[in-house]
Amino acid sequence: MNNRTKIRELYMKLYHNETALNELFECMDSYKSLRSKDLLLMDKNQKNWYFGQDIVGMTLYTDLFAGNLKKLSQKIDYFNDLGITFLHLMPLLKPRDGENDGGYAVEDYRNIDPRLGSIDDFTKLLKDLRKHDIKVCIDYVINHVAKEHVWAKEALNHDKLKQDYFIMYDTDEMPNRFNRTVPEVLPDKCPGNFTYYPEIKKYVFTSFSDFQWDLNFQNPYVFNGMTDNLLYLANLGVNMIRLDAIPFMWKQVDTTCRNLEPIHDLLKMFNLIKEDVCPSLALLGEAIVEPQEIVKYFGNESDPECEVMYNANLMVDIYNAFASRDVRLITIDANRFQIPHRGTWMNYVRCHDDIGWGFNEQAIKSFGFDPYLHKQFLIKFYGNEHPGSFSKGEMYQFNPLTRDARTNGTLASLLGLEKAIESKQDYRRYESIRRINLAHALILTYRGFPLIYSGDEIASLNDQSYKLDPDKMREGRWVHRPFFDWKRSKNKDLMGTVEYDVYQNLKKLIDIRKKLPFLQGQANQYALDLNNMSVLGLIRQIKTQTFFALFNFSEHTQWVKTDHLRQLFNGVIAIDLIQGRQFNLNDETIELSPYEFVWCIKDKNQ
Ligand code: GLC
């Protein structure tokens, strides 16, 4: 079946609307004919680029990092120095004025936020980055638009057709019914999932805030309109598009309105459409939901959805392992799901969002823990309420009834640097640096490609200054979205500083990763039970060759037995590529110092 036949099948199943389908095909044809020479070349030569072990990402806010798009072009040396080959630029399309959820309330998908520059500045930046082999991903806020977006404005102006682009009701009967089963995303900011608009006397579905209106994807013209925007953005020359908040894209009364089946059909269509029009473009899915739901957004071998997914589960498991000194959750989860050969993870330890503590409850129960109490432990450990914790994170969206909460904070503050500096205890500072370095090493090892959160490479700490900004003060996530400290970043070349220790470690790992085919996105991976709760063993394999990595998640020296490693390694002497350690697997154990990690391959000389 060719792409268009498949699209037709899915479209008719959801929408039963031939006229709208033909309009969609016309739209695709027109963007296809507009694809420039450069981009056609990319389409020909750059399929599946995201599997490369040379892909190392960084995510950043253009304004906080460089000021604007023109100035970002001048920072390419910085990316080259560290070895960054992929940039996720945080929302840069024109947002509404005032509070805008960090750019996730878009007023105009065809224009750049004027504070950052113009479309021309952006395409110029893309060209500059392309010359340096740096790929670019941008956000596409697909679930909702700002209430200042033209569709919402027309709806507010009593345009019935446009009101159908959203989910709105005359009375509170349906909203109340929805609210019985739909959990609140941000109970502080948007209690009850709906906002009443007196000017049209309607209750509007607003999952995230009163100013972000959820789109009605049951309407084919919403699908068509959002496809049109997507292809417009693709034709600017980006390599990846991040589809924001996909689990929310379909609403049905009496359900949780999360992860509903038709969303998978929508994503299959988006994938088929971009394969038809701009095949070098990759789709990145953002679905911060239960692990078993996240993997579904890859689709399957024959019907792909998003090629790349945020590995939210790994992030949670990493923090869990640091707090509990127990890696079993990472081990179980690494072996739990088969992802399609065409899919890969984007691995990260921090991003612009809070950490929601969704983990594999079954596994936690199998360790003899109560999932609710364990979650409470993590909330307190990272929310600065657990005596003895190294962490200085902050609680977010605390619910006094359930005591549920999420966590904010930068990587360095969460992993102990801020407290260590305050306590003036050098050994604690040393420990926290080792934790940060280990976390970075793990996201560089795990199947997929790593995404460094800008500022983490120089161990940025929490920043409270957002509380003085009226457009930010209501939103605790700004604590880990500081302005990039260029002055402090100079220390990255100054031996003996924290910045040096974190940056240079990362740089070295990136450099090694790029030469290691074992870390290619499709190389086989599994986690090994090493009979030591604090040490994670990850195996990567190509054909008959094996690579292993060990990570000690505790502040104590650990010993791991070599018997399992010996069996699967085709040699006796293993060489650690990071520090040059040599291990003889005929020895009974390997010793790892506090928070030590190693990357081992077979010694060529045996
Ligand atoms: C995504 C973004 C988050 C935003 C939300 C609503 O989860 O990462 O920052 O608040 O979508 O657009």
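For the numbers below, each heavy atom of this structure counts, side chains included, while hydrogens, waters and symmetry mates do not. Numbering of ligands and ligand atoms starts at 1, following listing order.
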- Message: Under a 3.5 Å cutoff, is there a donor and acceptor pairing between the side chains of Asn68 and Asp121?
- Response: no
- Message: Regarding ligand 1, does Arg481 bring an N or O atom to under 3.5 Å of one of the ligand's N or O atoms?
- Response: no
- Task: Give a yes-or-no answer on whether the side chains of Gln362 and Gln292 include a donor-acceptor pair shorter than 3.5 Å.
- Result: no
- Message: If the cut-off is 4.0 Å to any non-hydrogen atom of Asp353, which atoms of ligand 1 fall inside it?
- Response: 2 (C), 3 (C), 7 (O), 8 (O), 9 (O)
- Those atoms of ligand 1 less than 4.0 Å from some heavy atom in His144: 6 (C), 12 (O)
- Electrostatic pair Lys274:Glu307 at N-O distance under 4.0 angstrom: yes
- Query: With a cut-off of 4.0 Å, which atoms of ligand 1 are near a heavy atom of Arg477?
  - Reply: 3 (C), 9 (O), 10 (O)
- Query: Among all protein non-hydrogen atoms, which one is nearest to atom 7 (O) of ligand 1, and what is the separation to 0.1 Å?
  - Reply: Glu286 OE2, 2.8 Å
- Note on the structure: One finds that the ligand 1 atoms under 4.0 Å from a non-hydrogen atom of Phe208 are 5 (C), 6 (C)
- Message: What I'd like to find out is whether the side chain of Tyr197 reaches to under 4.5 Å of the side chain of Lys147, using heavy atoms alone.
- Response: yes
- Note on the structure: Partner of Asp101 under salt bridge (charged side-chain N to carboxylate O under 4.0 Å, His left out), picked from Arg474, Arg96, Arg477, is Arg477
- Message: Can a side-chain donor-acceptor contact be found between Trp49 and Ser280 if the only test is distance below 3.5 angstrom?
- Response: no
- Distance-only side-chain donor-acceptor flag, Asp254 / Thr181, under 3.5 Å: no
- Task: Please report which non-hydrogen protein atom sits nearest to atom 11 (O) of ligand 1, along with the residue it belongs to and the distance in Å to one decimal place.
- Result: Asp244 OD1, 2.9 Å
- Could you find the nearest protein heavy atom to atom 10 (O) of ligand 1 and give me its residue, atom name and distance? Asp101 OD2, 2.7 Å
- Task: Tell me, please: is Met90 in heavy-atom contact with ligand 1, that is, under 4.0 Å?
- Result: no
